[in-house]
Amino acid sequence: AQSVAQPEDQVNVAEGNPLTVKCTYSVSGNPYLFWYVQYPNRGLQFLLKYITGDNLVKGSYGFEAEFNKSQTSFHLKKPSALVSDSALYFCAVRLLTGTASKLTFGTGTRLQVTL
Amino acid sequence: NAGVTQTPKFRVLKTGQSMTLLCAQDMNHEYMYWYRQDPGMGLRLIHYSVGEGTTAKGEVPDGYNVSRLKKQNFLLGLESAAPSQTSVYFCASSSRDRGFQETQYFGPGTRLLVL
């Protein structure tokens, strides 16, 4: 079965410090991986995705993610956190069956950035 | 463009009542999805559609029905609501054009409370 795991329920970071939100995956074959962010009382917003090519993927709002095939990880990173980055972050993997882009989501990691 | 919109934003039902959640998208997307979000469980796919007139079951379809009579609309129905269906419901859509690479775009969510 294909799945993603987000081992941390919450990550706390001081503003200006680098942040990492962890994600590991389990899929058969080549993975298609996504990061989404959810602000309070809002729907999910797409941040970035890995399909193929360069292992370092750059996305919206200064976020980037590093695909590591040997460690089956796709950690989300940002060099300098902002208080406005505080939100719920979801990692997702594309299911490789069927025609539609069925995504399996992790349980989410709450990022709290403080002054 | 409004993107993906959902109606209503919030609803309270009594056990056994029925209701329909409406999702509309103006991006001419072929694929549409209904998810539910519960604390600590991430998003789970209820039903999805790969085109007008077609629907398919997702991960947690029991107790729900869907219809896609028009390309831009995807309806989620609860015939006899149960307290276990208390959740936040998200609709999403994506384009078929880029195959596995397509990004899903989410609506703002419908918060449903079943008493």
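Hydrogens, waters and symmetry mates are skipped; everything else that's a heavy atom, side chains included, is used.
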Do [X] and [Y] share a hydrophobic cluster (ILVMFWY, side-chain heavy atoms under 4.5 Å, transitive)?
X        : Y       : value
B:Phe90  : B:Leu78 : no
A:Trp35  : A:Tyr61 : yes
B:Leu112 : B:Leu45 : no
B:Leu75  : B:Tyr48 : no
A:Val113 : A:Val11 : yes

Legend entry - Portion of B:Arg44 that has a non-hydrogen atom of chain A nearer than 4.5 angstrom: neither
Legend entry - Exceeds 12 heavy-atom contacts within 6.0 angstrom, atom NZ of B:Lys71: yes
Inset, instruction - Answer yes or no: are there more than 12 heavy-atom neighbours, outside B:Glu79 itself, under 6.0 Å from its atom CD? - result: no
Residue pair [X] / [Y], side-chain heavy-atom distance below 4.5 Å:
X       : Y        : result
B:Leu43 : A:Leu44  : yes
A:Asn41 : B:Lys9   : no
A:Tyr36 : B:Gln104 : yes

Inset, instruction - Report, by ascending residue number, the residues of residues 75-86 of chain A in heavy-atom contact with chain B at a distance under 4.5 Å; give 'none' if the set is empty. - result: none
Inset, instruction - Please round to the nearest 0.5 Å and tell me the distance separating atom CZ of B:Phe106 and atom CD of A:Gln38. - result: 9.0 Å
Legend entry - Euclidean distance, A:Leu47 CG relative to B:Thr103 OG1, rounded to 0.5 Å: 11.0 Å
Legend entry - Contact summary for B:Gln37 and A:Phe90, nearest pair of heavy atoms: NE2-CZ, 3.2 Å
Inset, instruction - Assess whether side chain to side chain contact (heavy atoms under 4.5 Å, CB included) is satisfied between A:Leu103 and B:Tyr35, documenting all intermediate values. - result: CA-CA 10 Å; A:Leu103 294 175; B:Tyr35 294 90; 4.0 Å; yes
